[in-house]
Amino acid sequence: MTVPAQRRSSGLPTRMLVLWCPDWPVVAAAAVGGVAVTSPAAVFSANRVVASNAVARRNGVKRGMRRREAQSNCPDLAVFAADDGRDARLFEAVARTVEGLVVGVEVVRPGLVAVPVDGAAGYFGGEHALVERLVDEVSAAAGVECQVGVAEGLFAATLAARCGEFVEPGRVAEFLAPLPVTELDQPGAERAELVDLLRRLGLRTLGAFAELPERDVVNRFGAAGVLAHRLARGRSERPPLRRRPPPELTLAEEFDPVVERVDVAAFLAKGLATRFCAGLAGHGLACTRLGIYAVTEEGEHLGRAWRCAEPLTPAGVADRVRWQFEGWLRAAPGRRPTSGVVRLRLEPEEVVEGRSLQLDLWQNGRSDEDDERAARAFVRVQGVLGPEGVVTPLLDGGRDPAARVRLVPWGDPREGTTPSDATWPGRLPAPSPATVLDRPVPAQVFDAEGRPVGITPREQLTAVPHGLSITGGPPREVVGWAGPWPLAGDRRRPGPRRARLQLLLAGEPDDPPEAVLVHCAGTENPLWTLEGVYD
């Protein structure tokens, strides 16, 4: 597909059409269970509601509600267990119907499919004509209701589908502005903590968040905040990666005997997914759009593309392979393959730089067996050194980087001790220093005249910082600073005021500036110490 020159020059993402089947887990479960669509129904996981239909919601059933409470509000509620395979299997009929009309179909998740709209709209005589045709075909072929939205970018198009709206080209930011900031926490995005922080800061709409300068977003919210900020502004979550993935990153596997059962496919998918992600990681890449292609014993060619909001982990790749085999091998008669799969190909159709994906220490391509082996080794070490001999860090509440890190003995619950609504006045903004010194180093901060800089009773600097000397060494020029951040509680205590300050120090001619965190106590004879260094 050729992207219009105007869109390329403006930096807007590709114009997408998203077809959304509301409450799809409930629709799929009800279809398998033979429950009428007019009956209240809900899907549960870990005894809590994860999805419900409109009839159940009108009777007081809400997401996250416990099963007993949901059934007390709606005694006639049909209860189903969550089943990703079932959802994917039944959604294959919808994806196949869309694919029959439009090329480039991408399954985001069961219940949500996206396609680039430009070429297809021209073929069918416009976006409205294309949407009418899609809705009619899906209703007739799959027997389900759906809503369609069109906008620049997958994020905006998904929100437009929930409203059934067509966002005019170039007006996506205007469409997003009044929507609540909670829309950033889409399934799979894991932005609940960021959204909660934005709401507590008074940024309750996407427009309010988008108005923040990008530099301030980087300083306050880090990399995750920058990605969300791009979405709120109507931009792509990540800039496109210009280079094509090397051909050797495509993973192909021959099966003998052929694969005719979903459980066999699921078992094989785990090993394939680990090898696939390891190959990408070796090139510093991660996959966000996965192509799954298969050939059957009779020569039938099957294929589907899966798009993911976040870079795929080995578990994510394995899940999508399993879901796709569910759709292929358990489809309705006449739509399933006539023979088993003899060849499978995993192709990274869209990739991002590997730094976009941050994996846990023990999940970087390792299996559950590796995790269990490591856990047993930790327990043996604890038997020799005691419970405190093996600890894991936990980020908790606090005003400074050192106080926020708590070491938890291996095996103990990793639960924070700080309430989620704690505000921590005087807390340092993100990002935290990469290195926090165990023992602060003496330092001195001077103004342009060489006089010491201190903290006033009103918790302000007595002068603009101009130089920093560490342990009596030669002064280094200060080219930027932020703060001060007073240490809360000082006003109730006698003695000098205390605060922290971030300083940006000039580097050598060929070196970048260096950022440090310093602490000050006092006004007349201030005592400065170096507490941390930023990367």
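Quick note: numbers below take in every heavy atom, side chains included, and nothing from hydrogens, waters or symmetry partners. We're numbering straight along the sequence, starting at 1.
D76 places no side-chain N or O within donor-acceptor distance of the main-chain N or O of S39, the cut-off being under 3.5 Å. With H301 contributing its side chain and A294 its backbone, the two residues share no donor-acceptor pair below 3.5 Å. Judged purely by atom type and a 3.5 angstrom limit, T97 uses its side chain to pair as donor or acceptor with the backbone of A93. Without hydrogens or angle criteria, E165 side chain to A160 main chain gives no donor-acceptor distance under 3.5 Å. No donor-acceptor pair under 3.5 Å is formed between the side chain of Q186 and the backbone N or O of F155. With R48 contributing its side chain and G64 its backbone, the two residues share a donor-acceptor pair below 3.5 Å. Side-chain atoms of R63 come within 3.5 Å of backbone N or O of V50 as a donor-acceptor pair.
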From CA spacing to verdict: side-chain contact (heavy atoms from CB on, under 4.5 Å), L212, F221: CA-CA 11 Å; L212 295 179; F221 305 107; 4.2 Å; yes
Check against side-chain contact (heavy atoms from CB on, under 4.5 Å), E99 and V107: CA-CA 11 Å; E99 193 173 42; V107 178; over 6 Å; no
Derivation of the side-chain contact (heavy atoms from CB on, under 4.5 Å) call for V148 and W20: CA-CA 6 Å; V148 176; W20 173 56; over 6 Å; no
side-chain contact (heavy atoms from CB on, under 4.5 Å) between L19 and V98, worked out: CA-CA 9 Å; L19 184 143; V98 177; 4.2 Å; yes
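Looking at E152 and P169, their side chains come closer than 4.5 Å, going by heavy atoms from C-beta outward. Side-chain atoms of N73 and N59, non-hydrogen and from C-beta on, never get closer than 4.5 Å to each other. Counting only heavy atoms from C-beta outward, the side chains of L231 and R191 approach each other to under 4.5 Å. Using a 4.5 Å cut-off on side-chain heavy atoms (C-beta onward), Y293 and L302 make no contact. W328 is listed as a side-chain neighbour of I292, based on a closest heavy-atom distance under 4.5 Å. Side-chain contact between E106 and M16 is present, with heavy atoms from C-beta onward closer than 4.5 Å. When side chains are defined from C-beta on, L134 counts as touching L17, because their heavy atoms get closer than 4.5 Å. Contact of the V351 side chain with the H283 side chain is not registered, since no non-hydrogen atoms from C-beta on lie closer than 4.5 Å.
Heavy-atom neighbours of R171 CZ from other residues, nucleotides or ligands within 6.0 Å: at or below the threshold of 12. The local environment of CZ in R336 is crowded, with over 12 non-hydrogen atoms from other residues, nucleotides or ligands closer than 6.0 Å.
Residues D23 and A54 approach most closely at OD2-N, 3.8 Å, considering heavy atoms. Considering all non-hydrogen atoms of both residues, V150 and V131 come closest at CG2-CG2, 4.4 Å. Smallest separation of non-hydrogen atoms from A305 and R289: CB-NH2, 3.6 Å. Summarising the geometry of L184 relative to A228, their closest heavy-atom pair is CD2-O, 3.8 Å, with the distance given to 0.1 Å. The two residues V144 and C21 come nearest to each other via the heavy atoms CG2-SG, 4.2 Å. The two atoms that bring L312 and C277 nearest to each other are O-SG, 4.0 Å, heavy atoms only.
Note that CG of L159 and CG of L206 are 7.5 Å apart. Values are rounded to the nearest 0.5 Å. Atoms CZ and CH2, from R86 and W24 in turn, are 10.5 Å apart once rounded to the nearest 0.5 Å. Separation of atoms CD (E193) and CG (L198) is listed at 11.0 Å; rounding is to 0.5 Å. Within the model, atoms CG of L179 and OG1 of T205 stand 8.5 Å from one another, a figure rounded to the nearest 0.5 Å. Remark: E92 CD to D87 CG distance equals 13.5 Å, nearest 0.5 Å. Atom CG of L176 sits about 9.5 Å away from atom CD of E183, to the nearest 0.5 Å.
Considering R320, R89, R261, R304 in turn, R89 is the only one that fulfils the salt bridge (Lys or Arg N to Asp or Glu O under 4.0 Å) rule with E326.
E214 and R235 are not joined by a salt bridge, as no carboxylate oxygen comes within less than 4.0 angstrom of a charged side-chain nitrogen. Using a cutoff of 4.0 Å between basic side-chain nitrogens and carboxylate oxygens, D319 and R322 are scored as salt-bridged. Ionic pairing of R66 and E69 is not present here: no N-O contact between side-chain nitrogen and carboxylate oxygen is shorter than 4.0 angstrom.
Using the six-membered ring where Trp is involved, W323 and W306 have ring planes that are tilted, between 30° and 60° apart.
Inspection of the E347 and T250 side chains reveals no N or O donor paired with an N or O acceptor under 3.5 Å.
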